[in-house]
Asks: 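Quick one: the structure is below, and I'll ask about it shortly.
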Amino acid sequence: MGIVNVTPDSFSDGGQFYSAQQAIEHGLQLIHEGADILDIGGESTRPGAAPVSDEDELARVLPVLEGLREGRVALSIDTQKTAVMRAALAAGADMVNDVNALQAPGALAAVAQSNVAVCLMHKQGEPQNMQQLPLYHDVVEEVKAFLRARIEAARTAGIASNRIVIDPGFGFGKNLEHNVALFRGLPSFQDLGVPLLAGLSRKSMLGKIAHLEVNERIHASVAAAVLAVMKGAKIVRVHDVKATLDALAIVNAVEGWSDD
Ligand code: 7PJ
């Protein structure tokens, strides 16, 4: 899954793909590099980021969805907003990626009434405050329990489990110790019976571990993606598609997962 940010203040690329045309060109480049899914987002969820209105978010993402629809890859809409989900699904999105796990009013119904896939992600707190004091007794068990409950809520709302993907939400209300514990515990998320997505690309946990600024994290990000796949992730959400696929080709050749 290649990341296409359409925000002026996105987490990791400094807003360089803000304009729709630039975002479309970036998406086409990621398709060329081998992405199977593009994740299009118009609201930054970086720690401390300010919320965006429905109208502004839609104005950012809809032209990009339209512009990439002919690209013959699956298009994911990265949003927490029910109105944005509905409009993006009407515009042909294939997947909803919700860092809020469809907890907004109407979000479960919006996805249930379509036939698209959904990624349910765990976070603690909200982007404005989530890194202030993340607290867990057992981070792996608590994140798993939350995701289990959200899978159940989605299924009850009419979303079949073969449409659901889960994500422990690296960096969303977790300190370095929590993030490392979750990463180590990734294999146990397979107990939940749906595919696992991991988003580690360029995140600050990698910077903290290897002492890297955000624009220096490609190699650490590739290592993290490879390790996540080896621990069971079926989808990795990345900025650097070609570098990641080159590394995963070696894993596939040696570990024999090329038919997955
Ligand atoms: C994630 C995401 C993630 C999912 C962001 C960033 C922050 N969606 N959206 N998982 N991260 N599913 O890219 O650094 O980890 S925004």
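When a ligand or atom number is given, it counts from 1 through the structure's own listing order. None of these values were measured; they are calculated from a predicted model.
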Asks: Against heavy atoms of Met121, which atoms of ligand 1 measure under 4.0 Å?
Replies: 3 (C), 4 (C), 10 (N)
Asks: Which atoms of ligand 1 sit under 4.0 Å from any heavy atom of Cys119?
Replies: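 Going through ligand 1 atom by atom, the ones under 4.0 Å from Cys119 are 12 (N).
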Asks: Can you find an N or O of His239 that's nearer than 3.5 Å to an N or O of ligand 1?
Replies: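 No; the residue has no nitrogen or oxygen that sits under 3.5 Å from a nitrogen or oxygen of the ligand.
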Asks: What atoms of ligand 1 come within less than 4.0 Å of a heavy atom belonging to Asp78?
Replies: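 So the answer, numbered in order with elements, is 9 (N).
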Asks: At what distance, to the nearest 0.5 angstrom, does CD of Gln103 lie from NZ of Lys123?
Replies: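 These two atoms lie 6.5 Å from each other.
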Asks: For residues 170-193, pull every pair meeting salt bridge (Lys or Arg N to Asp or Glu O under 4.0 Å), keeping only residues two or more places apart or in separate chains.
Replies: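 Of all non-adjacent pairs touching residues 170-193, those that pass salt bridge (Lys or Arg N to Asp or Glu O under 4.0 Å) are Lys144-Asp191.
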Asks: Assess whether a salt bridge exists between Asp78 and Arg237, defined as any Lys/Arg side-chain N lying under 4.0 Å from an Asp/Glu carboxylate O.
Replies: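 Yes.
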Asks: State whether Glu57 and Arg60 are salt-bridged, where the test is any N-O pair (Lys NZ or Arg NE/NH1/NH2 against Asp/Glu carboxylate O) under 4.0 Å.
Replies: no
Asks: Touching ligand 1 at all, Gly169? Heavy atoms, strictly under 4.0 Å?
Replies: no
Asks: As an exercise, identify every atom of ligand 1 less than 4.0 angstrom from a heavy atom of Asp167.
Replies: 3 (C), 4 (C), 10 (N), 12 (N), 15 (O)
Asks: Classify the angle between the aromatic ring planes of Tyr136 and His178 as parallel (below 30°), tilted (30 to 60°) or perpendicular (above 60°).
Replies: perpendicular
Asks: Going by distance only, is there an N or O of Lys203 that falls short of 3.5 Å from an N or O of ligand 1?
Replies: yes
Asks: Can you find a pair of side-chain heavy atoms, one from Val111 and one from Asp98, that are under 4.5 Å apart?
Replies: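 Val111 vs Asp98: side chains apart.
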Asks: Do any nitrogen or oxygen atoms of Asp39 lie less than 3.5 angstrom from nitrogen or oxygen atoms of ligand 1?
Replies: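 No, no N or O pair falls under 3.5 Å.
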